[in-house]
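First up is the structure itself, then whatever we jot down about it.
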Amino acid sequence: MPCVRILIAEDMHMIRGALVALLELEPDFQVVASLDRGDTIVQAALASPPDVAIIDIDLPGLDGLTAAADLRDQLPSCRTLILTSLGRPGTLRRALSAQVTGFLLKDAPPQQLAAAVRSVAAGRRVIDPQLALSAWDSPQNPLSPRELEVLRLAARGADAAEIAGCLFLSKGTVLNYLTAIVAKLGARNRIDAIRISEEAGWIP
């Protein structure tokens, strides 16, 4: 029986330990790396290449979707299965844009996780059907990639001057972006725009 080599990236130690123990009960699985940060995924995968990387969407250092995209660029043979506790349609859309192979909720039954790993390893896409249906019915993200960058930094507490410095823009341009974002989302203000986008899963 061919062995599926697995990398796990999950910042909560108890959950990560449970995942490792659960997956290693399967006779055809081998966990080759267990990590708690997103910015260590590529290095670990290059050192001990996995067939499947199971990545939590919310990781310190680098978020799971960005790490998955970097991993795809550096190690195309490795397929990714994203885990999340939040089944937001916008989050699924971002995962599909990052070309992940699978997207699974953390409260899925253990046997579903094992089946998902085998399907992803075989090159099949795995997505929770109810979540896929919700994503199909939900409104599209009206913000441009640059507006999302601005809003993501604002959500982390950066003011207009700091955002301008990070994105090599003028402060006036950033303020214009923030005004446009609030208008596009029908929000009351910047804080409301952040809330709307986070609840939709458009920004992590």
Is there side-chain contact between T84 and F103, with heavy atoms separated by less than 4.5 Å?
yes

Residues in side chain to side chain contact (heavy atoms under 4.5 Å, CB included) contact with S144, at least two apart in sequence or another chain
R146, E147

Closest non-hydrogen atoms of I196 and A187, given as atom of the first, atom of the second and distance, are CD1-CB, 3.9 Å

Under a 4.5 Å cut-off applied to non-hydrogen side-chain atoms, are D58 and D11 in contact?
no

Note: R79 and G123 closest approach over all heavy atoms is NE-CA, 3.3 Å

Side chain to side chain contact (heavy atoms under 4.5 Å, CB included) against L148, all qualifying residues, sequence neighbours excluded:
N141, L143, R152, W202, I203

Where do L185 and A193 come nearest, in terms of heavy atoms and distance?
CD1-O, 3.6 Å

Partners passing side chain to side chain contact (heavy atoms under 4.5 Å, CB included) against E26 (at least two apart in sequence or in another chain):
D28, F29, A114, R118

Hey, is the main chain of L175 close enough, under 3.5 Å, to the side chain of T179 for a donor-acceptor pair?
yes

Side-chain contact test, heavy atoms from C-beta onward, threshold under 4.5 Å: evaluate it for L62 versus D70 and give yes or no.
yes

Do L65 and I82 have side-chain heavy atoms sitting under 4.5 Å apart?
yes

Using residues 30-38 as the side-chain source, report each donor-acceptor pair under 3.5 Å to any protein atom, sequence neighbours left out, with the distance given to one decimal.
residue, atom, partner, partner atom, Å
S34, OG, R16, NE, 3.1
R37, NE, D39, OD1, 3.0
R37, NH2, D39, OD2, 2.9

P110: partners by side chain to side chain contact (heavy atoms under 4.5 Å, CB included), with sequence neighbours left out
L22

Would you indicate whether the side-chain heavy atoms of L23 and L113 approach each other to under 4.5 Å?
yes

Do V100 and V120 share a hydrophobic cluster, counting only Ile, Leu, Val, Met, Phe, Trp and Tyr and linking them when any side-chain heavy atoms are less than 4.5 Å apart?
no

Could you list the residues that satisfy side chain to side chain donor-acceptor pair (under 3.5 Å) with S170, not counting sequence neighbours?
T173

Show me the donor-acceptor pairs within less than 3.5 Å that the side chains of residues 2-10 make with the rest of the protein, sequence neighbours left out.
residue, atom, partner, partner atom, Å
R5, NE, P49, O, 2.8
R5, NH2, S48, OG, 2.9
R5, NH2, P49, O, 3.4
E10, OE1, K106, NZ, 2.9
E10, OE2, M12, N, 2.8

So CD1 of I127 and CG of L105: to nearest 0.5 Å the spacing works out to 11.5 Å

If you look at every heavy atom in G64 and I55, which pair is closest and at what distance?
CA-CG2, 3.6 Å

I'd like to know if the side chain of E162 reaches the main chain of D159, judged simply by a donor and an acceptor atom lying under 3.5 Å from each other, with no hydrogens or angles considered.
yes

How about E149 and L167: do any of their side-chain heavy atoms sit closer than 4.5 Å?
yes

Distance, nearest 0.5 Å, that separates CG of N189 from CG of L178:
11.0 Å

Quick check on the hydrophobic clustering: are L46 and L71 connected, directly or via other members, by side-chain heavy-atom contacts under 4.5 Å?
yes

Hydrophobic cluster membership, V52 vs L19, 4.5 Å side-chain cutoff:
yes

Is it true that I57 and L83 fall in one hydrophobic cluster, defined by side-chain heavy atoms closer than 4.5 Å?
no

Partner residues of D192 under the side chain to side chain donor-acceptor pair (under 3.5 Å) criterion, sequence neighbours left out
R195

Connected via hydrophobic side-chain network under 4.5 Å: L151 and I163:
yes

To which residues is V182 joined in a hydrophobic cluster, defined by side-chain heavy-atom contacts under 4.5 Å among Ile, Leu, Val, Met, Phe, Trp and Tyr, whether direct or through other members?
none

